[in-house]
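Shown next, in structure tokens, is the structure this report addresses.
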Amino acid sequence: MAGLKTRKKQRLVVVSVALTSLVGATLLILFALGGDSLSLFLQPSDVKERQVEAGQHFRLGGLVETGSFSRLDDGLTFRFTVTDCLANQPVEFTGLLPDLFREGQGVVTEGELNADGVFVASTVLAKHDENYRPPGTMPKSEGQCSHPDDQAAAAAYSEG
């Protein structure tokens with residue numbers, strides 16, 4: 001009988017150590033991810049609100065503002081503005097744009113702000129139309145935006 005108690009105690013110790021290790025590993029992973037790392041991209045209003053510094057690498061997402069797209073003389077450098085109905089962010093990209101890239105459509109870019117406050121993108125991803133849109137996300141098209149200066153309409157939009 002004394003042997004059974006010892007085996008039960010050993011199993012209890014092994015299970016306790018395993019559970020403690022599992023909980024510790026989970027907490028370390030969550031700590032490493034941090035709160036801001038879970039965000040897939042920042043919208044232009046987030047960039048202004050958080051006062052992102054020049055040279056900091058991040059993703060910028062929103063809608064390509066209608067009428068803002070232009071191609072420079074070299075043929076491979078493009079300038080456009082990304083908007084989220086609250087704020088606008090000028091973007092410059094050198095390279096080939098994706099086939100789905102259009103004015104008034106969603107886009108996610110990756111890069112950093114330069115000293116002039118222009119987002120210099122190293123990657124541009126065009127977003128396709130999505131059916132599901134949780135409350136507070138960016139609009140489906142620029143037609144759902146009012147003018148960016150119209151704070152009341154933008155606030156009503158972000159509430160749901």
*V124 side chain near P98 side chain, heavy-atom distance below 4.5 Å*: yes

*Could you state the interatomic distance from CZ (R50) to NZ (K48), rounded to the nearest 0.5 Å?*
14.0 Å

*If two hydrophobic side chains count as joined below 4.5 Å and joins carry through other members, does F93 share a cluster with F69?*
yes

*asked:* Can you tell me how far apart CG (L86) and CD (Q43) are? Round to the nearest 0.5 Å.
replied: 8.0 Å

*Quick one: which of L63, L60, V108 gives a side chain to side chain contact (heavy atoms under 4.5 Å, CB included) with V82?*
L60

*Atom of G61, atom of P44 and distance for their closest heavy-atom approach*: O-CD, 3.4 Å

*asked:* Taking the side chain as everything from C-beta on, heavy atoms only, tell me whether L72 gets closer than 4.5 Å to R79.
replied: yes

*asked:* Suppose we call two aromatic rings close when their centres sit under 6.0 Å apart. Are F101 and F78 close by that rule?
replied: no

*Do the non-hydrogen side-chain atoms of V91 and V107 ever get within less than 4.5 Å of each other?*
no

_Between D84 (side chain only) and A87 (backbone N and O only), is there a donor and an acceptor less than 3.5 Å apart?_
yes

*asked:* For a 4.5 angstrom cut-off between non-hydrogen side-chain atoms, does E92 reach T77?
replied: yes

_Heavy-atom closest contact (F119 atom, T109 atom, distance)_ = CE2-OG1, 3.1 Å

*asked:* Do T81 and N88 pair up side chain to side chain, a donor and an acceptor below 3.5 Å, judged on atom types alone?
replied: no

*asked:* Nearest 0.5 Å, please: how far is SG in C85 from CD in E65?
replied: 9.5 Å

*Would you say N114's side chain and D116's backbone share a donor-acceptor pair under 3.5 angstrom?*
yes

_Take a 6.0 Å sphere around CG of D74 and say whether it holds more than 12 heavy atoms from other residues, nucleotides or ligands._
yes

*Just by distance, do the side chain of Q105 and the backbone of L100 share a donor-acceptor pair under 3.5 Å?*
no

*Counting N and O atoms only, with roles assigned by atom type, does the side chain of Q89 sit under 3.5 Å from a partner on the main chain of G117, one being a donor and the other an acceptor?*
yes

*Checking side chain to side chain contact (heavy atoms under 4.5 Å, CB included) for the pair F58/L113: CA distance, chi angles, key distance, verdict?*
CA-CA 9 Å; F58 65 97; L113 289 175; 4.1 Å; yes

*Above 12 or not: heavy atoms from other molecules or residues under 6.0 Å from CG of L19?*
yes

*Supply the atom-to-atom distance H57 NE2 to E112 CD, rounded to the nearest 0.5 angstrom.*
7.0 Å

*Would one find more than 12 heavy atoms of other residues, nucleotides or ligands at under 6.0 Å from atom CD of E53?*
no

*Reported CZ-to-OG1 distance for the pair R59 and T123, which is rounded to 0.5 angstrom*: 8.5 Å

